[in-house]
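Each chain gets a letter, A, B and so on, in the order its sequence line appears, and its residues count up from 1.
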Amino acid sequence: MYQLLKQIVTTGIVTEPAPHADSALRQLEQRLSETILKHLGRALAIRHVDAGSCNGCELEIHATNSPYYNLEALGIKFVASPRHADLLLVTGPVSRNMEQALRRTYDATPEPKLVVAIGDCGCTGGVFGESYASCGRVANVIPVDVAVPGCPPPPTAIMQGILTAISARRS
Amino acid sequence: MRLNDLAIDVEPLPGAMPVYRASAAPAELRALCETARARGARLVSLWGSDESPRGKGYALHLALALRAGLLWLTVALPRQRPGYPGIAGIFPSADRMQRAAHDLLGIEPQGEAGRRKWLRHGAWPAGVFPLRKDFAAESRFALAGDHYEFVKVEGEGVHEIPVGPVHAGTIEPGHFRFSIVGEKILRLEERLGYKHKGVEKRFEGMALEEGARLAGRVSGDSTVAYAWAYAMAAEAATQTEPPRRSLVLRGILLELERIANHLGDLGYLGNDVALSFGFFQFWRLKEDLLRLNARLFGHRYLMDSVVPGGAARDLARSEGDALLAVLGNIEREAGTLRSIYDEHAGAQDRFIMTGQVLPALAERMGLTGFAGRASGVAHDLRADYPVPPWQQLEPRVASHTRGDVAARASVRFDELAESVRLVRELVRQLPPGEIRVPLAACEAGRTGIGWVESWRGEVLIALDAADDGRIYRLHPHDPSWQNWPLIERAVLGNIVPDFPLINKSFNLSYSGHDL
Ligand code: SF4
């Protein structure tokens, strides 16, 4: 127990800016939580759907929850059901084996709903393209509000994509 | 030449790893596999190819790991009714691979149950085979109903819980069907294939240089291992010698990938037992490493850093020093966190005897990678075939025999520390010279194997190149094929709430498996 407490104390709070100052990120965080409050008045509920990614984009979504970015602290939570979601975060080219599951998730998400497509694959189909097994980009299957390029896009870009989607939302 | 282990004529293939090629008739297949199994061979992969444009029928391919190296065994199959005697009774991990080869190519394992479909859901109909050469990659079929028989467990008080394919957290899609009594798991049946996106078909016709990007995205968390395996296969097929400096760089990159993945998963193991402290600590360390990766190599996950012919980015001396400084810190802090995990009664209570795979079962089923090493299967390509850059480093193989969540965590801690040691040595050893040479021209019909110990286990790329230096057939194999069936066994008798913890302790790939 002593060691655990000591580790907590010596680590301190690492959520940006310290120790890697990045003022762009700091502003992003403030704007993100302000925008969420303004538009929703409560936490933003996100449902992630991996529709066929290589799992690279998932690594960066995980990283947004790391202490440097701390997405949850900004009023964003990942929820277990589409019925509680405001926003779908969709990765990958949409595999044909996930096409129906993605459509169903979209249909089960209450209006008004937002969709952010993540990664080059989500934007264009990426290296996997379109084929007998791949529908290509997410917009080929469900309506997309914001598409975030990158292979994979870094956590800040993912956060920026979420911010863009909610601030452009018509209330 | 003869291979002592098997009494079979083989031809050594050029390339970085010891690889031998041989052919056999369908009627010889089972006896060969039985002998190989008795001599301790492991089945690394099984796949098929359509040889009709070459005036032949089909072929079944096996990759077997022997003491001397990898045996690539090819069995020619007829054009009409291509079938072969199934080998899942000898190598249990063959079952799903045989079913996948049937779904994709229409070659059929005979004399065994288990001919249910596996990767085919509703995207293409039965009787249509995407990896046949006369199948156009852009073909589209209306989505059909996906009928799949799960095994029913009968009995008083038995409930079925279907989970997925879309999950609550940020994980890849797959379907799990639990049969439970109370909270206890009586049976788990996995259904995978949701991420099948036509990767193997997509490789066909690509130029060798072009395929590297795709190879690095078969399973994003193992991008270095796949890119290296791909490069190794392309270099073998073209008989290109990558510069020595690039091999050392690849070694560094591979170990950085291992460290990053172990850090992330050790964090999640903490998270899953309500020790969110562990998650934050490990993910802080992981983020430090990812940022350094981006600074030194231009990509947080090191994608496209290994290229056919060498490496994409060099590491200057000062950069090497910066790398070692960050790793030194990670090593120190991970050591502290290890003793915190070890002394945390709550965490240990959840880790110990949870999700156990005992050594006998692991050996029989072919459990591989760090999970295998946690269940007494002491294989590691870096130590078993110490080709450059591993030669003088004598990588230490971590091992454990309890095969539970705690053992897998312990092996990861050991490997993390060993990877730091290896990187330290590799940075010191970086020989001077160039880091990349162009691939030589590829002669018709050349083949190559890439075989690399990823953080998860052994990744294989088997390449068969056509006349114009383009890919005729490429098969990428992920170690998750071997390990997924063991999760079905590891959860038995455990409680449902422990499933996420057990699953995370293996952290298998869906994308690399579904292809
Ligand atoms: S964008 Fe890149 S990282 Fe993301 S799923 Fe596609 S290939 Fe993987």
Side-chain angles (χ1 to χ4, degrees), chain A residues 1 3-4 6-8 10-11 14 20 47-70 78-82 89 91-102 104-105 121 125-135 151-152 154-155, chain B residues 119 121-124 130 135-141 143 146 165-173 193-199 201-202 213-214 217-221 223 264 267-268 277 279-281 283-284 286-287 290-291 294 300-301 303 333 336-337 339-340 343-344 509-512 514:
Chain A
M1 200 59 186
Q3 250 193 330
L4 191 148
K6 182 169 157 237
Q7 180 74 12
I8 292 174
T10 52
T11 308
V14 297
H20 302 267
R47 169 76 162 173
H48 161 250
V49 183
D50 174 349
S53 79
C54 80
N55 197 30
C57 283
E58 277 62 35
L59 297 177
E60 290 298 42
I61 296 176
H62 284 294
T64 61
N65 280 318
S66 83
Y68 283 122
Y69 304 99
N70 213 355
F78 286 83
V79 294
S81 162
L89 204 57
T91 56
V94 182
S95 73
R96 295 213 66 216
N97 288 350
M98 278 302 287
E99 187 181 346
Q100 222 171 18
L102 176 61
R104 283 198 187 130
T105 305
C121 291
V127 287
F128 304 107
E130 288 179 36
S131 71
Y132 74 97
S134 166
C135 305
C151 184
Chain B
L119 293 182
H121 289 199
W124 69 95
F135 178 96
E138 61 284 357
S139 311
R140 270 299 167 99
F141 303 91
L143 280 185
D146 172 29
V166 184
H167 298 290
T170 300
I171 58 172
E172 299 184 82
Y194 292 91
K195 299 189 103 175
H196 177 74
K197 44 193 176 281
V199 171
K201 191 75 180 178
R202 195 143 182 97
R213 253 182 77 79
L214 182 56
R217 286 156 182 79
V218 168
S219 176
D221 57 25
T223 180
Y268 266 109
F277 157 84
F279 174 81
F280 282 108
Q281 293 289 336
W283 278 72
R284 175 175 59 81
K286 181 174 180 183
E287 183 67 21
L290 298 179
R291 290 179 179 196
R300 284 162 57 85
Y301 298 92
M303 279 178 168
E333 296 215 32
T336 308
L337 293 174
S339 53
I340 291 174
E343 284 159 24
H344 195 276
S509 171
Y510 301 65
S511 181
D514 296 351

Heavy-atom proximity to chain A below 4.5 Å, by part of B:Tyr510 | neither

So CZ of B:Phe279 and CG of A:Asn65: to nearest 0.5 Å the spacing works out to 5.5 Å

Does a side-chain heavy-atom distance below 4.5 Å link B:His167 with A:Asp50?
-> no

Max heavy-atom pairs within cutoff under 4.5 Å with chain B, candidates A:Ser131, A:Cys121, A:Ala80, goes to A:Ser131

Under a 4.5 Å heavy-atom cut-off, does chain A meet the side chain of B:Ser339, its backbone, both or neither?
-> both

Parallel, tilted or perpendicular: which describes the rings of B:His196 and A:Tyr132, with under 30° parallel and over 60° perpendicular?
-> tilted

Between the CZ atom in A:Arg96 and the CG atom in B:Leu143, the distance rounded to the nearest 0.5 Å is 4.5 Å

Is chain B contacted by the side chain of A:Val79, its backbone, both, or neither, given a heavy-atom distance below 4.5 Å?
-> backbone

Which answer fits A:Thr105, side chain, backbone, both or neither, if we ask what part of it has an atom under 4.5 Å from a heavy atom of chain B?
-> side chain

Measure from the side-chain N and O atoms of B:Lys197 to the backbone N and O of A:Asn97, and report whether any donor-acceptor pair falls under 3.5 Å.
-> no

Taking every heavy-atom pair that is under 4.5 Å apart, which of B:Ser139, B:Gly512, B:Pro173 has the most such pairs with chain A?
-> B:Pro173

State, with a plain yes or no, whether a side-chain heavy atom of A:Pro152 is found less than 4.5 Å away from one of B:Arg300.
-> no

Got B:Lys195 and A:Ser53 here, is their nearest side-chain heavy-atom distance under 4.5 Å?
-> yes

Choice from B:Arg213, B:Lys201, B:His121 maximising heavy atom contacts with chain A below 4.5 Å | B:His121

Using non-hydrogen atoms and a 4.5 Å limit, figure out which bit of A:Phe78 sits close to chain B: side chain, backbone, both or neither.
-> side chain

Contact class of B:Val199 relative to chain A, heavy atoms under 4.5 angstrom | side chain

So how far is it from A:His62 NE2 to B:Glu287 CD, rounded to the nearest 0.5 Å?
-> 13.5 Å

Steps toward side chain to side chain contact (heavy atoms under 4.5 Å, CB included) verdict (B:Met303, A:Cys54) | CA-CA 12 Å; B:Met303 279 178 168; A:Cys54 80; 4.2 Å; yes

Heaviest contributor of heavy-atom pairs below 4.5 Å to chain B, chosen from A:Arg47, A:Glu99, A:Gln100, A:Arg104, is A:Arg47

Mind listing the closest non-hydrogen atom pair of A:Leu59 and B:Lys286 along with its distance?
-> CD2-NZ, 4.4 Å

Winner by heavy-atom pair count (cut-off under 4.5 Å) against chain B, out of A:Pro93, A:Ser66, A:Ser81, A:Pro154 = A:Ser66

Report the distance from atom CZ of B:Arg217 to atom SG of A:Cys151, rounding to the nearest 0.5 Å.
-> 4.0 Å

At a heavy-atom separation under 4.5 Å, does B:Tyr301 approach chain A through its side chain, its backbone, both, or neither?
-> side chain

Using non-hydrogen atoms and a 4.5 Å limit, figure out which bit of A:Pro82 sits close to chain B: side chain, backbone, both or neither.
-> neither

Per-residue contact mode, B:Leu337 against chain A (heavy atom under 4.5 angstrom) | side chain

